[in-house]
Amino acid sequence: MGRKRQSLPIIENVTIESIAAEGMSLFHHNDKVVFVPFGVPGDVVDVQIVKKKHKYNEGRIINMIKKSDKRIVPFCEHFGICGGCKWQMLPYQEQLNAKQQQVHDQLTRIGKVELPDFMPILGSVKTKEYRNKLEFGCCDRRWFTHEELQDPTLDLDNGNHSAIGFHIPGAFDKIYPIHKCWLMDDLHNSIRNDIEAYAKSIGMTFYNVRQQKGMLRNLMFRNSNTGEWMLLIQFHYDEDGDEAKAMQLLQHVAEHYPQITSLMYTDNQKGNDSLADLELKTFKGNSFIYEAMEDLKFKVGPKSFYQTNTEQAYQLYKVVRKFCFMPLDDEEAPTGEPLLYDLYTGTGTIANFVARKAKRVIGIEYVEEAIEDAKVNSQINKIENTTFFAGDMKDILTDDFIKEHGQPDIIVTDPPRAGMHPDVVNVILNARPKRLVYVSCNPATQARDLQLLDAGFKVMAVQPVDMFPHTSHVENVVLLIRR
């Protein structure tokens, strides 16, 4: 006979004290920190402990005794379920305050280097419909909330329970249907809901990730500030006649949504939805769309990386350009035509954005397709002073590489969330550029790298930038100069 499951302890009448990292809130109880999602400082609540750790506990709010004066009503009907936009109950200025504090705490506590006063965080130009890319999964049997399961009219064994939506947090095989998402222009909601209804009307099956069966698998939307729209539909052909149904659905979308300038599809028989190794076909229009930034155009394909908040990406890149070339009290601004290295260049957006102020820009990126995009973007914009290399950063950026291509005056680095490999940090230290501009989507790993760089560089400016309203994510740009 198994052990009787212990009931989870409940802490009554506690006050949420502050916002914590990863979008959590916290309070203290019995000399331990307790982390709680969806709490607002000032809330008085009852909390059930769900996880006990050595140094902290995790809980969930089970009863709201008194709402904080700061708490606001979330604008999305799916808030708290789909896994996104977890800060909608916080006023936007409070979100910005929390992100500013997060950057300060992580750079101070982890970096432990001399820091200047931080610049105030740059809030997003848009706080709704700010994304230019969204993906939705399709499933033959949707996930139901606890409340929905209490509905006596719900018949789980009969009826069509297939749906299009988002994966719920921590579950690769559970999708919650989304009626209206506020992250992207509302047109995508109309298209997605129509696709779901039309697919059901023609008897199209929806994907089951565990059985790897079902025809309608995944939707990816992109739009741009030039007014273009891209839709890529992933199918999974199971039997004869499936391709004909796919063409029928695509034709329906093409006829009803002329705003889509790039309508694409693929038959994905793999175990995952990643695009990198899939053959993509164009049903209507082009295989790409364009984004515009100042007088530059950037070609964006279905596999391209482009910052997902277009307007705020422009603000971010203006900070990078300013940090590269602005005069400082401790150092003269780089004069003449500096040699600039752009590490983790992606599709070359930053490289091309700053190229006209540099003698030459060398971009390095792991993904070969991204480097091809970067070269195309230079050609489109008639920029002739960029050179791009594809490969693992720690293997490409070596002391020999710098001897061959020249000692950089400026290095811009925009690594993934994991930060920079120690070998890359060492090469930067040995290269001794006059300036280093470090763009990060994870201030914790940025702080760790700043500590490693401290031997050769001094932090001169820190500028947080909010790219993702209603989430805990924050970008941060740091300017360092050679000691």
For ring-ring contact (aromatic ring centres under 6.0 Å, His included), just list the numbers for Tyr341 and His405, CA-CA rounded to whole Å, side-chain angles, deciding distance to a tenth of an Å, and then say yes or no. CA-CA 10 Å; Tyr341 282 22; His405 297 282; 7.7 Å; no

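Taking the six-membered ring where the residue is Trp, the centroids of Tyr290 and Phe298 are separated by 6.0 Å or more. Side-chain rings of Phe166 and His78 stay apart, their centers remaining 6.0 Å or farther from each other.
With hydrogens and angles disregarded, a donor-acceptor distance shorter than 3.5 Å links the side chain of Lys303 to the backbone of Ala276. In this structure a side-chain-to-backbone donor-acceptor pair under 3.5 Å is present from Arg483 to Asp454.
The two residues Asn223 and Glu291 come nearest to each other via the heavy atoms O-OE2, 3.4 Å.
Considering Asp267, Asp273, Thr266 in turn, Asp273 is the only one that fulfils the side chain to side chain donor-acceptor pair (under 3.5 Å) rule with Arg217. A side chain to side chain donor-acceptor pair (under 3.5 Å) with Asp466 holds for exactly one of Lys99, Gln95, Gln315, Gln100; it is Lys99. A side chain to side chain contact (heavy atoms under 4.5 Å, CB included) with Pro469 is found for exactly one of Leu183, Val125, Thr127, Leu96, namely Thr127.
Taking the charged nitrogens against the carboxylate oxygens, Asp277 and Lys270 do have a contact shorter than 4.0 Å, which makes a salt bridge. The residues Glu294 and Arg356 are annotated as not salt-bridged, no charged nitrogen and carboxylate oxygen being separated by less than 4.0 angstrom. Salt bridge annotation for Glu94-Lys70: present, with a cationic side-chain nitrogen under 4.0 angstrom from a carboxylate oxygen.
Cation-pi geometry between Lys375 and Phe388 is not met at under 6.0 angstrom from the ring centre and within 45 degrees of the axis. For the pair Arg192 and Phe221, the cation does not sit on the ring face, since its NZ or CZ is not both under 6.0 Å from the ring centre and inside 45° of the axis. For the pair Lys281 and Phe283, the NZ or CZ position fails the cation-pi test of under 6.0 Å to the six-membered ring centre and within 45 degrees of the ring normal.
Between Gln234 and Tyr207, every side-chain heavy-atom pair lies at or beyond the 4.5 Å cut-off. Between Lys51 and Phe35 there is no side-chain heavy-atom pair separated by less than 4.5 Å. Looking at heavy atoms from C-beta onward, Phe401 lies in side-chain contact with Ile364 at the 4.5 angstrom threshold. Looking at heavy atoms from C-beta onward, Val477 lies out of side-chain contact with Tyr438 at the 4.5 angstrom threshold.
Between Phe353 and Tyr317, the two ring planes are tilted [angle within 30° to 60°].
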